[in-house]
Amino acid sequence: MDLKFLVVDDSVTMRRIVVNSLKALGYVNYVEAADGQEALGQLAADSTINFIITDWNMPNMTGLELTQAVRTDANTASMPILMVTTRGVKEDIVQALQAKVNNYVVKPFTPQVLKEKLDQILEKL
Amino acid sequence: MVKTSSMNKVFENLNNLKNAFKIGEKVVPIIQSLTEFMHEIVPLLENINSSISESAHQMPKAANQINDVTSATELATTEILDLVDQISNRIMEIETAITEVISEQDERDEIFNKLKELIKDNPDALLLSEKLYEKNSNSELFSFVKDKLGLINDDSFKITMSLQVQDITSQQLLAVNHLIENVMGKLQTLMSQIDSSDLKKEFANLQIEVPEDAHYDPNAKYNHDEERQQKVDDIVEKQKEQASQDEIDKLFA
């Protein structure tokens, strides 16, 4: 499966780290967005995007709100979403799962964890 | 004729009254102290208020400095990531070149084997060709270098991953900024409420009004300070001297 990732984070540093991690795993197709609003714009403009990796805490639109918006749009409802965030309390994780993220990674993460969570999602596709 | 029971009741009431006066005597000094405390509090509140005002003026500067720190660390982190990417790219180029050299080893081996076949009847030439082969055979060295380059690449990737700290610290700094703003806002609201109310005026003017027929001293203090008595004695002496002079003056009047 040809994967094209949408990497969403308001931190330039984190976007580069996620992108470098994807490259290390052999994934070279990606686009970036700095918040949920921008991510929705990218999704509307590029129908080849088929995987979202998103932060939670972002201005304009959070990762949770982005997830909810993606899930309510028929065109993107089944798109895999991986949440990568500093939020690690149980309530947050439950909330994200209820919003239908496919998997959850807490920062700081290791490349092994990222690979593991990506693989878990891809196995079910 | 007054009945005994009525007398007892009177005595009881007198006793109650006596107890009430005793309590009153104890309470009045406490209230007086409280009033003095309120008087003292006003300048303190003014001090606090001016400190808070000064801090409030400094707060936007602090917030800006925190934001500047975040921007600076993000910039520095980006520069580090750029350098790490460069290192990785150069390592990849070297690995590619080494891989090519190693892959050519098979071809070299084949050429040497053909040469050895051609010169097998010349022992001197055969010996020299074998020495030449040994000098040119660096595959082990290249493999060693390639392994080391792989380790360097892994380490530079670890540097990349550890830079996640920048994102985490910037979020923590934002939280600190928000907390400072909240605290200062609440304190300012509190201080402006104290200012705008009549409390300040009330505290400044607060006094216990002593009725003219009062049988207590609102300034009474339980104080063993010997200086107090000395001051009294000094005043008394001065008054006596004054009285003496007055008497003399009267004689001459």
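Letters A, B, ... are given to chains in the order of the sequence lines, protein chains preceding strands, and every chain is numbered from 1.
Residue B:Asn153 does not touch chain A at all, counting heavy-atom pairs closer than 4.5 Å. Residue contact with chain B, scored on non-hydrogen atoms closer than 4.5 Å, involves the side chain of A:Thr86 exclusively. Contact annotation for B:Asp154: neither backbone nor side-chain heavy atoms come within less than 4.5 Å of a heavy atom of chain A.
Within residues 160-171 of chain B, the residues that have a heavy atom under 4.5 Å from a heavy atom of chain A are B:Thr160, B:Met161, B:Leu163, B:Gln164, B:Gln166, B:Asp167, B:Ile168, B:Gln171, listed by number. The contact list for residues 110-125 of chain A toward chain B, using heavy atoms and a distance under 4.5 Å, reads A:Thr110, A:Pro111 by residue number.
Taking A:Asn57, A:Thr13, A:Val12 one by one and counting their heavy-atom pairs under 4.5 Å with chain B, the maximum is reached by A:Thr13. For the set B:Thr77, B:Asp85, B:Thr78, the entry with the most heavy-atom pairs within less than 4.5 Å of chain A is B:Asp85.
For the pair A:Ile93 and A:Met83, the minimum side-chain heavy-atom distance is 4.5 Å or more. With contacts defined as side-chain heavy-atom distances shorter than 4.5 Å, the pair A:Asp55/A:Asp10 qualifies. Proximity of B:Phe157 to A:Lys23: side-chain heavy atoms (C-beta onward) are nowhere separated by under 4.5 Å. A:Thr67 is not listed as a side-chain neighbour of A:Thr62, based on a closest heavy-atom distance of 4.5 Å or more.
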B:Ile66 vs B:Val176, test: side-chain contact (heavy atoms from CB on, under 4.5 Å). Steps then yes/no. CA-CA 9 Å; B:Ile66 287 173; B:Val176 167; 4.2 Å; yes

Evaluate the criterion side chain to side chain donor-acceptor pair (under 3.5 Å) for residue pair A:Asp9 and A:Ser11; output intermediate values, then yes/no. CA-CA 5 Å; A:Asp9 201 309; A:Ser11 162; 4.6 Å; no

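The existence of a salt bridge linking A:Arg15 and A:Glu32 is confirmed by a sub-4.0 Å separation between a basic side-chain nitrogen and an acidic carboxylate oxygen. Looking at B:Asp82 and A:Arg16, a side-chain N of the basic residue comes within less than 4.0 Å of a carboxylate O on the acidic one, giving a salt bridge. Electrostatic pairing of B:Lys131 and B:Glu134 does not count as a salt bridge here, judged by no charged N lying under 4.0 Å from a carboxylate O.
Ring geometry for A:Phe5 against A:Phe51 counts as tilted: the plane angle lies between 30° and 60°, on a 0 to 90° scale.
Annotation: the span from A:Asp73 atom CG to A:Gln68 atom CD amounts to 14.0 Å, rounded to 0.5 Å.
A donor and an acceptor atom, one from each side chain of A:Lys107 and A:Thr85, are nowhere located under 3.5 Å apart.
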